[in-house]
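We use all heavy atoms of the structure for the numbers below, so side chains are in, but hydrogens, waters and symmetry mates are not. Letters go in sequence order (proteins before strands), and every chain restarts at 1.
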2 protein chains.
Amino acid sequence: MFDGDQGLLYYNASKMYLFGQSMQLKKYTDYGLRILMYLASFEADENCAEPKLATIREICDTFGLSANHVNKVVHHLGRLELIETRRGKNGGFLLAKKPEDISLAFVIRQLEGDEKWIECENPYCVALPACELKGIVARGKELFYDYLSQYSLKSLMVKAPQLRQIFSTAS
Amino acid sequence: MFDGDQGLLYYNASKMYLFGQSMQLKKYTDYGLRILMYLASFEADENCAEPKLATIREICDTFGLSANHVNKVVHHLGRLELIETRRGKNGGFLLAKKPEDISLAFVIRQLEGDEKWIECENPYCVALPACELKGIVARGKELFYDYLSQYSLKSLMVKAPQLRQIFSTAS
DNA sequence: TATAAAACGCATTATGAATGCATGTTTGAT
DNA sequence: ATCAAACATGCATTCATAATGCGTTTTATA
Ligand code: SF4
Ligand code: SF4
């Protein structure tokens, strides 16, 4: 009998055909958000006359990530003008905007990419001319982003001190 | 300069590092919906004293899909008790419920799998204890499904005659 | 000038969806 | 009884792409 469990296609007691991860944000996107949170948490610090620059190495040490992947995300964030990057010795990067001006919807849409959540044309689906589904899903996607647009990087800073402590103690 | 285009990480004129497909529903899920639409479109037909059974071969011919993948989806739909499958000669499958009783939210959630849209624990993210993001994304996901729950398979049948014609003429 | 940092490009790996294939099982028709 | 047509099952393989790794180049500063 079907037990309603998720992620389980075949029920055959011993041998279970396990299912994938459903739709999910890319790590790439989450890494970008972590970087922004990292920067914001320290900026929210007391009197920062000199906002210390963060470096890729720092991020990687803190979160245990691959330097190269982070490298790309940082570069991307820089091109989006969400952070300012500085090359050369003592370089690094810092927020280019105030946290309240960095919309989560924008960040996620940009880092994740903005493709349709359902692909109808490659390969071509014969139902396309009379299909209501694609429109429904597309509107659902937009609702998701509309919801996200209520939040900003500042919304992620409600526990800024705790975050700052975690970040500074994590190896 | 950053041109705001999607899917384009490196702008370097000639050599562009192209980006993936963002978050997307699996083909598996869409195939399931196509199958349901196929069944519903013919059920919506005139006086069907005998609701003709559809077969996997039929679906594959119509949509140009792999028999094996469809096989699995049909099986899954059967276990979800959305369709009734009949083995043996002259077998096939048909809707087990009325289209208006088949919620798109349910179908998509089940076929797609119901994992979190953001993975925080594997590997473990140090920010987790103080992170607001995961909750925001989780609520966004639920909003998406809440929205989908407004619709049923019947909602996809507003152009049933056109669908039926497409399906019966598509090789 | 040496060094530390990001920028850039490309190669490789890891993961999982998508697909292929072979066999088993059920059921109606002959 | 037998056959053939359909779904059920299990596993192997392919393919796409995210994720990662590595090396070089550029920039800035001490
Ligand atoms: S069924 Fe509708 S949504 Fe799915 S691929 Fe075909 S046209 Fe697109
Ligand atoms: S940053 Fe927040 S959402 Fe992203 S992985 Fe860490 S805990 Fe989860």
Side-chain angles (χ1 to χ4, degrees), chain A residues 2 7 9-32 35 53-60 64-79 83-94 111-113 115 119 122-123, chain B residues 2 7 9-32 35 53-60 64-79 83-94 111-113 115 119 122-123:
Chain A
F2 181 63
L9 183 46
Y10 293 122
Y11 47 96
N12 185 301
S14 53
K15 293 275 195 165
M16 303 191 272
Y17 188 95
L18 212 45
F19 223 4
Q21 310 292 25
S22 84
M23 190 165 54
Q24 229 177 12
L25 292 178
K26 290 183 285 193
K27 287 186 184 180
Y28 183 89
T29 303
D30 184 59
Y31 291 176
I35 293 167
L53 298 196
T55 68
I56 290 174
R57 167 178 303 275
E58 217 176 286
I59 300 283
C60 293
L65 302 179
S66 143
N68 235 275
H69 212 193
V70 172
N71 189 327
K72 283 167 189 160
V73 181
V74 165
H75 182 56
H76 198 167
L77 291 173
R79 291 187 57 226
I83 66 177
E84 180 190 330
T85 61
R86 297 204 189 134
R87 297 163 76 151
K89 190 161 186 177
N90 295 332
F93 42 89
L94 73 168
L111 295 187
E112 186 68 16
E115 309 300 318
E119 172 62 67
N122 199 353
Chain B
F2 181 62
L9 183 46
Y10 293 123
Y11 47 96
N12 185 299
S14 53
K15 294 271 195 165
M16 303 192 271
Y17 187 97
L18 213 42
F19 222 6
Q21 309 292 25
S22 85
M23 191 164 56
Q24 230 176 12
L25 293 178
K26 289 183 285 194
K27 288 186 182 179
Y28 183 88
T29 303
D30 184 59
Y31 290 177
I35 293 166
L53 298 195
T55 69
I56 290 173
R57 169 178 300 276
E58 218 176 286
I59 300 284
C60 293
L65 303 179
S66 142
N68 232 273
H69 213 193
V70 171
N71 189 330
K72 284 167 188 159
V73 181
V74 165
H75 180 57
H76 198 166
L77 291 174
R79 291 187 58 227
I83 65 177
E84 178 190 330
T85 61
R86 296 205 190 133
R87 295 163 77 152
K89 193 161 185 177
N90 295 332
F93 43 89
L94 74 168
L111 294 187
E112 186 67 16
E115 310 300 319
E119 172 62 66
N122 200 353

Take atom CG of A:Asn71 and atom C1' of D:dA19, then tell me their distance rounded to the nearest Å. 14 Å
Within the 4.0 Å heavy-atom criterion, would you say A:Arg86 contacts the bases, only the backbone, or no part of the nucleic acid? sugar-phosphate
Let me know, please, whether A:His69 or A:Arg87 comes out on the 5' side of the other along DNA chain D by nearest nucleotide. A:His69
Earlier contact from the 5' end, DNA chain C, for B:Tyr31 and A:Arg57: A:Arg57
Parallel, tilted or perpendicular: which one describes the rings of B:His69 and B:Tyr31, with boundaries at 30° and 60°? perpendicular
Between P on D:dA18 and CD on B:Gln24, what's the gap in Å once rounded to a whole number? 10 Å
Heavy-atom nearest pair, B:Phe93 first then B:Ile35, reads CE1-CG2, 4.0 Å
Are A:Thr85 and C:dA7 close enough that a side-chain N or O sits under 4.0 Å from OP1 or OP2? yes
Rounded to the nearest Å, what distance is computed from the CG atom of residue A:Asn68 to the P atom of nucleotide D:dA18? 16 Å
Which nucleotide sits closest to the side chain of A:Lys89: C:dC8, D:dT20, C:dT3? C:dT3
If I take atom NZ in residue A:Lys72 and atom P in nucleotide C:dA5, what distance separates them, rounded to the nearest angstrom? 20 Å
Of the non-hydrogen atoms in B:Leu94 and B:Arg86, which two are nearest, and what is the gap between them? CD2-NH2, 4.2 Å
Is the shortest side-chain N/O distance from B:His75 to OP1 or OP2 of D:dT9 below 4.0 Å? yes
Heavy-atom donor-acceptor pair, B:Glu112 side chain to B:Leu25 backbone, under 3.5 Å: no
Give the rounded distance in Å between these two atoms: CD of B:Glu115 and P of C:dG16. 11 Å
Can you find a heavy atom in the side chain of A:Ser66 that is under 4.5 Å from one in the side chain of A:Lys72? no
Atom NZ of A:Lys27 to atom P of C:dT15: distance rounded to whole Å? 8 Å
In whole Å, what is the span from the CG atom of B:Asn122 to the P atom of C:dT15? 10 Å
Would you indicate which nucleotide in D:dT20, D:dC7, C:dG20 comes nearest to any side-chain atom of B:Ser66? C:dG20
Round to the nearest Å and state the distance from A:Tyr28 atom OH to C:dT15 atom P. 21 Å
Contact class for B:Asn90 (heavy atom, under 4.0 Å): base, sugar-phosphate, or nothing? sugar-phosphate
